[in-house]
Amino acid sequence: MSLIEVMLDDGSVQSYVSGITAGEIISEQFGRKHGCVAAYINDEARDLSTIIDQNCSLRGIFSDSDAGMDILRHSAAHLLAQAVTALFPSAKPTIGPATDRGFYYDFANLKIGDNDLKVITKKMNELSRKNLLVERVECSEDELQDLFQANPFKIEIINDKIEEGTGSTIYRQGEWYDLCLGPHVPTTSKLMNVKLTSISSAYWRGDQSREPLTRIYGIVEPSKHALKETLRRLDEAKKRDHRKLGKDLQLFHIDESVGQGLILWTPRGAIIRNELQQFISQHLSRQGYQQVFTPHIGKLDLYRTSGHFPYYQESQYPPMIPRDVMAKLASEGCDCSQLANFLDEGQIDGYMLKPMNCPHHVKIYASQARSYRDLPLRFAEFGTVYRWEQTGEISGMTRVRGFTQDDAHLFVTEDQIAEEIQGCIELVQIIFSNLGMKDYRVRVGLRDPQSEKYVGDAKRWDLAEAACRDAAQSMGVQWTEEEGEAAFYGPKIDFVVKDVIGREWQLGTVQVDYNLPERFDLKYKGSDGEFHRPVMIHRAPFGSMERFCGVLIEHFAGKFPTWLSPTQVHIVTISEKQADFAHELTMKMRNAGIRVEIDDSDATIGKKIRTHRSLQPAYILVIGEEEKATNTVSIRARSGIQESGIPIDDFIEKITDEIERKMPIPSIVADSVEDEAK
RNA sequence: GCCACUGUGGCUUAGUUGGUAGAGCACCUGAUUCGUAAUCAGGCGGACGGGAGUUCGAAUCUUCCCAGUGGCUCCA
């Protein structure tokens, strides 16, 4: 019996009898309830059942770490597949990875509904309770072929992923086994606290031409308490979903008779949008932007030149063709496919809802002879664009078919690019920091070298991509490069944030474009007397007003800073006797530029508070006999904290200051304490 | 676009095996004038997303369309 030396994670080196398992060492170290799911052996993640027979380092992987949760989730996916195949023997498991919030498993040949989730969960719990040992088994390729012969998906993985003649491992729990590299939790009892959340679909290997699969999503936590907590958090997140809050707070409306993905900004929402636009406009004039206005439509030929119509037809609203042209075509017996051909070939022209503002701005540039002395030229417009998004993709305000970009196009010389990108990024950062949006990532979107969808030559692309990289680098924040995330005309720097349910949305964006100037043959006269080609920079710090507001609603959970609150102050009276005083007060505050709403109805004060707080004004002022007598107000913050006897002028001065300084949190009265309705 | 699920008055929602819809909030009216999360009473309002079908009879079954939700794919 030989001894081996193991270095533990506290740095100490202990001797053990060779042949001990990793799990046994961990149990010695942390006790039996160690909450450990696997271990790093020489920094490699392995099962707790791994036998230690030589000197090594050993570090437990606990379920409170990302790596630990990953293993727990992956194991839960196995348990899910075990339960599903037990209940639906014809279902064929394909793959089942962990995600950063839970896990899923994709099955072929499985048709289930929501009700089945309960049954499957029950089965999972039952299997979990059996405390099945999760065993790793090394198999040769032939053995694998044999074990999975009934499952063509697994066979495909074996054939594709496993090197000829090397074999791999399976994990076995009870009767069930799956092709897997592991590691996994030691027993199924670790997987008691699971919840299956939804059913959806996917395609085998993400390829629409391959088999459709049924995907089951779930979450798992190490303890009952943690599961409950996670479910509660998910529930909380749902409450701040902008689609719900948008309705509750009367910020926007989507009406099916207007159209899918078309936002109707209701008065309260319009205020928020307007404030944001005014806010950015200040910075635009400071940075030397010039405002322009352009129409919502343009001729097809314009978009033929820009490349939008030929390359992105399927994501645009269909063209509008003049009536007389239609009538003539009809009388000639023209069918739809001929019509499409005529449109493609440019034999007939029509109009299109603009998918982007740039062609219009390009035409403004081209409307005059430009000299290098004019550059950079910066044309800004809150321009509304229309895009034919796929039906299944449209969602709330974040993915829509008509939206307003806080757009601008900068026409610059090559050596102005870097500085101008800097200015654009500064705008985004001003917005984000002002609104306290810290949780975002920066992505430099590059072209996918495999794809044909991009316009322009490679040399230009290289230059533009280099410019974006340099700009990102000089920002001093973390950024990543992603191939295939470029616009079709150029690379870009995107600011990406997550919504409450974890979906990522691109907000601010800065894009470098060598192509449109080329396509439209834009020029400026240089100091050398020769014509040169300007470079365009597209940028939208908010991205789209719709998407930005959607994300912002969730960011603030509907509790906007005072300057953005649709109504900043709600005045409620205790009784009819203070009505006159309250109206005077309202007028006084409105004259000071404060958005005030008044309620002098005969409802009880409790009722009024309840009604008005649901609209989340920054402050509610309660006006009773005392306030009237002393010319003061009683302030109630969203937190429920109140302060009485504040002189009116005092309050007006403070709130005006708060609004002007765009304070992120109303702070005349403490807003920090939450007393959520039960 | 694909897969699954959902769709009842402005909002939230009940509606068992098919027999022509119940409620709360909101709204209106009356009473009440009451100090900080819902005063009391009465009333208006829906043929159940839309069309077609099965049936003596459908919100409840079938089918097509529309919209929403969760995903997939796609996102200039």
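In what follows, every chain begins at residue 1, and chains take the letters A, B, ... in the order their sequences are listed. Since this is a predicted model, take the numbers as computed values, not measurements. Atom set for the values below is all heavy atoms of this structure, side chains included, hydrogens, waters and symmetry mates excluded.
As a whole-Å value, the separation of A:Gln250 CD from B:C11 P is 12 Å. The distance from atom CZ of A:Arg401 to atom P of B:C66 is 11 Å, rounded to the nearest whole Å. The separation between A:Arg613 atom CZ and B:G35 atom P is 20 Å, rounded to whole Å. Atom CD of A:Glu626 and atom C1' of B:U36 are 13 Å apart (whole Å).
Note on A:Lys608: nothing from the nucleic acid sits closer than 4.0 angstrom, heavy atoms only. Residue-level contact check: A:Glu625 touches the bases, meaning some heavy atom is under 4.0 Å from a base atom. Among the protein residues, A:Pro212 comes within range of no part of the nucleic acid, since none of its heavy atoms lies under 4.0 Å from any strand.
Counting distance only, with no hydrogens placed and no angle test, the side-chain atoms of A:Arg215 and the base atoms of B:C72 include no donor-acceptor pair under 3.5 Å.
Look at A:Arg503 and you'll find a side-chain N or O under 4.0 angstrom from OP1 or OP2 of B:G71. Contact between the side-chain N/O atoms of A:Arg243 and the OP1/OP2 oxygens of B:U69 is found at a separation under 4.0 Å.
Among residues at least two apart or in separate chains, salt bridge (charged side-chain N to carboxylate O under 4.0 Å, His left out) pairs with a member in residues 94-109 of chain A are A:Asp106-A:Arg215.
Here B:A14 is in the anti range [glycosidic angle more than 90° from 0].
Mapping A:Thr214 and A:Glu643 onto RNA chain B by nearest heavy atom places A:Thr214 at the nucleotide closer to the 5' end.
Taking atom P on both nucleotides, B:U16 is separated from B:U62 by 15 Å, rounded to a whole Å.
Take A:Glu584 and apply the side-chain hydrogen bond (donor to acceptor under 3.5 Å, both in side chains) test, not counting sequence neighbours, and it matches no residue.
The nucleotide B:U55 finds no pairing partner, because no Watson-Crick or G-U wobble arrangement with both distances shorter than 3.5 Å includes it.
The OG1 atom of A:Thr197 sits 10.0 Å away from atom CD1 of A:Ile216, with the distance rounded to the nearest 0.5 Å.
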